[in-house]
Amino acid sequence: MPANAVDRLAEELGAVAGMKLELERPSDPAHGDFATNAALRAAASQRRPPRELAEELAAHARSLGAVERAEAAGPGFVNFFLADAWFADALAEMLAAGRDYGAGFAVRPEKVQVEMVSANPTGPLTVASARNAAYGDAVARLLEFGGHDVEREYYWNDAGRQMDLFRASVDAVRRGEPPPADGYQGDYVALLAAQAGDPVPAMLEQIRKTLHRFRVDFDSYTREADLADEVAPAMARIDTYESEGTLWARTTAQGDDKDRPLLRSSDGSFLYFASDVAYLARKLERHDRAIYVLGADHHGYVARLKAAAQMLGYDPQRVEVLIYQLVHLTRGGAQTKMSKRRGDVVFLDEFIDEIGVDAARWFLSDRSPEQTIEIDVDLAAEKSQKNPVYYVQYAHARIAGILRNARDAEMSAEPRGSLAPEERELVKRLAEFPALVAEAADRRGPHAVPLYAIRVADDFHRFYHDHRVLESDEQAFRLGLVKATQNVIWRALDLIGVEAPESM
RNA sequence: GCGCCCGUAGCUCAGUGGACAGAGCGGCGGACUUCUAAUCCGCGGGUCGCAGGUUCGAAUCCUGCCGGGCGCACCA
């Protein structure tokens with residue numbers, strides 16, 4: 001039996017009508033609490049007028065207790081108006097589930113590794129990496145909420161040209177010399193120079209702390225050096241050939257646009273792609289699914305990673321590369337460019353100092369990943385009604401206030417009288433949550449969650465404005481309703497790493 | 001040149017075939033003796049980049065074009 005009231009209703013309707021159907025919430029309240037276009041969809045294959053099928057479906061639907069009224073409308077929609085009993089059922093299951101309402105939607109739980117950030121430790125994290133962290137972590141949280149076993153992974157280099165350049169830059173400062181050409185500079189280089197020892201692990205530790213502050217914590221850190229023993233065996237498993245004095249992977253045979261060199265011809269050492277292949281093999285040995293979270297500037301990786309999986313003999317479907325577009329910061333309209341090697345950068349720590357973790361995570365999570373983000377720092381820093389993150393948090397805090405005043409007064413999913421329109425709207429909104437979060441996870445699109453949270457806050461604030469909870473005739477029911485609302489808001493915010501305050 | 005992403009209200013963006021295309025911000029006007037007014041209510045604003053095509057039906061799918069971003073290393 002489906003776990004939530006909307007799915008259950010859809011299934012019951014489908015059963016009496018003899019067809020599979022999906023319910024949607026019409027934008028126009030005149031079109032009922034829920035509606036379906038099933039008749040329009042089925043019309044072609046059944047070779048019958050959609051309107052006729054809709055009439056039939058409506059007639060069947062009227063036999064259900066949850067349905068108060070059902071009518072065919074428009075070109076072949078069926079609109080359903082639900083009885084109060086359905087709302088009580090829906091609220092009862094929300095209260096029973098608590099903060100886990102909507103959880104466990106994974107049809108087949110998997111072991112999933114989500115690799116994110118993985119920035120070279122040559123400097124503090126920038127806002128570009130912050131989007132990676134915010135997006136990757138939100139996807140990870142969604143998958144966990146669905147029931148998957150998720151590992152958050154950070155891959156870092158401790159060798160290579162950029163590392164050498166970084167170390168040389170720090171050493172130069174230590175000797176009182178200018179950094180090498182194309183080297184790194186800035187206050188953080190001077191700070192690292194003031195400490196003894198290898199600056200690379202020190203920088204990584206600083207990154208780890210910043211991410212922790214950003215509420216993103218990793219289960220595992222893998223270094224390129226950790227893969228050393230696995231590279232040669234991995235090379236033996238894939239399709240290679242020798243040409244121009246080096247070894248090549250024949251990735252073009254698997255859809256890549258060019259073959260990839262594996263060895264540096266000058267000294268015969270393995271190139272980065274060789275480690276990539278070994279690393280991918282390790283990922284797929286240990287996990288059902290390997291997710292990479294990469295910025296748009298790395299989209300060229302997709303084809304070669306898929307090709308590598310194919311050559312290694314794994315189903316390339318198990319490799320998923322999530323690409324997100326870049327971030328632009330504006331301040332009063334003027335753009336701020338980001339580069340680690342110049343002085344005028346915007347670091348994640350500065351960003352958090354300025355707008356706070358909650359606003360930072362919100363604004364890096366509320367746009368679809370394929371959309372370039374533009375954040376006006378001044379606006380995001382404003383703690384006012386302009387800022388949607390506070391609008392949603394305020395709803396949570398308001399409810400906390402009611403619950404404090406209610407002490408341990410009884411809650412009930414059953415209303416004593418009939419429901420007010422604002423109560424019906426709020427219950428329906430909350431009832432959307434399981435499907436919404438399942439779809440957000442499935443599409444790797446966590447931005448749907450904060451946008452939904454705004455809708456919940458809308459419906460709550462409206463309800464709050466029109467109805468008293470405490471000492472009303474419906475106190476028990478309304479306490480239950482606001483508790484369920486608070487749980488959903490808490491969870492929605494938690495899924496994007498934003499806190500839900502008890503007071504504001 | 002080739003590949004990926006984007007183009008929807010003044011601005012920032014939702015909307016992966018269905019009912020008149022939505023929200024926030026900005027603008028204007030209202031509402032506190034009440035569990036938090038960081039709230040609520042009302043009013044505006046659109047050739048969904050352009051042109052074809054598929055479909056009973058297209059912002060959504062296909063083709064071409066125009067604009068913008070990002071890639072196309074024996075760097076990572």
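Worth saying up front: this structure is predicted, and the values here are computed from it rather than measured. Residue numbers begin at 1 in each chain, while the letters A, B, ... track the order of the sequences.
- In this structure, A:R260 places its CZ atom 9 Å from P of B:C74, rounding to the nearest Å.
- Residue A:F77 and nucleotide B:A19 are classified as a stacked aromatic pair, their ring centres being separated by less than 5.5 Å at an interplanar angle below 30°.
- Atom OH in A:Y394 sits roughly 9 Å away from atom P in B:C40 (whole-Å rounding).
- When heavy atoms are screened at a 4.0 angstrom cut-off, A:G401 is found touching the sugar-phosphate backbone but no base atom.
- For a distance-only test at 3.5 Å, the side chain of A:D28 qualifies as a donor-acceptor partner of the base of B:C20.
- Taking the six-membered ring for Trp and thresholds of 30 and 60 degrees, A:Y301 and A:Y272 have ring planes inclined between 30 and 60 degrees apart.
- Along RNA chain B, the nucleotide nearest A:N37 and the nucleotide nearest A:R462 are compared for position; the residue whose nucleotide lies closer to the 5' end is A:N37.
- Nucleotides B:U47 and B:A58 have their C1' atoms positioned 16 Å apart, rounded to a whole Å.
- The side chain to side chain contact (heavy atoms under 4.5 Å, CB included) check on A:R260 picks up A:T251, A:D256, A:D257, A:K258, A:F273, A:R304, with sequence neighbours excluded.
- Within the nucleic acid shown, A:L470 comes within 4.0 Å of at least one base atom, counting heavy atoms only.
- Within residues 296-307 of chain A, the residues that have a heavy atom under 4.0 Å from RNA chain B are, in order of number, A:A296, A:D297, A:H298, A:H299, A:Y301, A:R304.
- Here A:Y390 does not reach the OP1 or OP2 of B:A38: none of its side-chain N or O atoms lies under 4.0 Å away.
- Phosphate contact (OP1/OP2 of B:U12, side-chain N/O of A:Q371, threshold under 4.0 Å): absent.
- Residue pairs meeting the salt bridge (charged side-chain N to carboxylate O under 4.0 Å, His left out) criterion with at least one member in residues 267-282 of chain A, sequence neighbours excluded: A:E230-A:R282, A:R264-A:D267.
- Residue A:S368 has a polar side-chain atom (N or O) positioned under 4.0 Å from OP1 or OP2 of B:A14.
- For A:R264 and B:C75, the shortest distance from a side-chain N or O to OP1 or OP2 is below 4.0 Å.
- Ring planes of A:F166 and A:Y184: perpendicular class, angle over 60° (limits at 30 and 60°).
- You'll find the ring centres of A:F80 and A:F34 outside the 6.0 Å limit.
- Within the nucleic acid shown, A:A35 comes within 4.0 Å of at least one base atom, counting heavy atoms only.
- Within the 4.0 angstrom heavy-atom criterion, base atoms lie near A:E244.
- Counting non-hydrogen atoms under 4.0 angstrom, A:S265 reaches a base of the nucleic acid.
- Nearest to the side-chain atoms of A:T246 among the listed nucleotides B:C74, B:U39, B:U36 stands B:C74.
- Of the candidate nucleotides B:C74, B:U12, B:G18, B:C74 has the atom nearest to the side chain of A:W248.
- In the interface, the side chain of A:N79 is paired with the base of B:A19 through a donor and an acceptor atom under 3.5 Å apart.
- Here A:L263 lies in heavy-atom contact (under 4.0 Å) with a base.
- Counting any heavy atom pair closer than 4.0 Å across all strands shown, A:H31 reaches a base atom.
- Between A:N405 atom CG and B:U34 atom P there is a gap of 14 Å when expressed in whole angstrom units.
- Between A:Y391 and A:H461, the gap from one ring centroid to the other is short of 6.0 Å.
- A:Y391 has a side-chain polar atom (N or O) that falls below the 4.0 Å cut-off from OP1 or OP2 of B:C40.
- No engagement by A:A448 is indicated, since no non-hydrogen atom pair under 4.0 Å with the nucleic acid exists.
- Ring pair A:F460/A:Y464: centre-to-centre distance below 6.0 Å.
- The residue A:R367 sits close only to the backbone: its heavy atoms come under 4.0 Å of sugar-phosphate atoms, none of a base.
- A donor-acceptor contact closer than 3.5 angstrom is absent between the side chains of A:Q162 and A:N157.
- For A:E471 and B:U34, the CD to C1' distance is 10 Å, given to the nearest whole Å.
- Using a 4.0 Å heavy-atom criterion, one finds that A:L40 contacts the bases of the nucleic acid, with or without backbone contacts as well.
- Within the nucleic acid shown, A:H396 has no heavy atom closer than 4.0 Å to any nucleic acid atom.
- When the P atom of B:C75 is taken as reference, atom OH of A:Y272 falls 13 Å away, rounded to whole Å.
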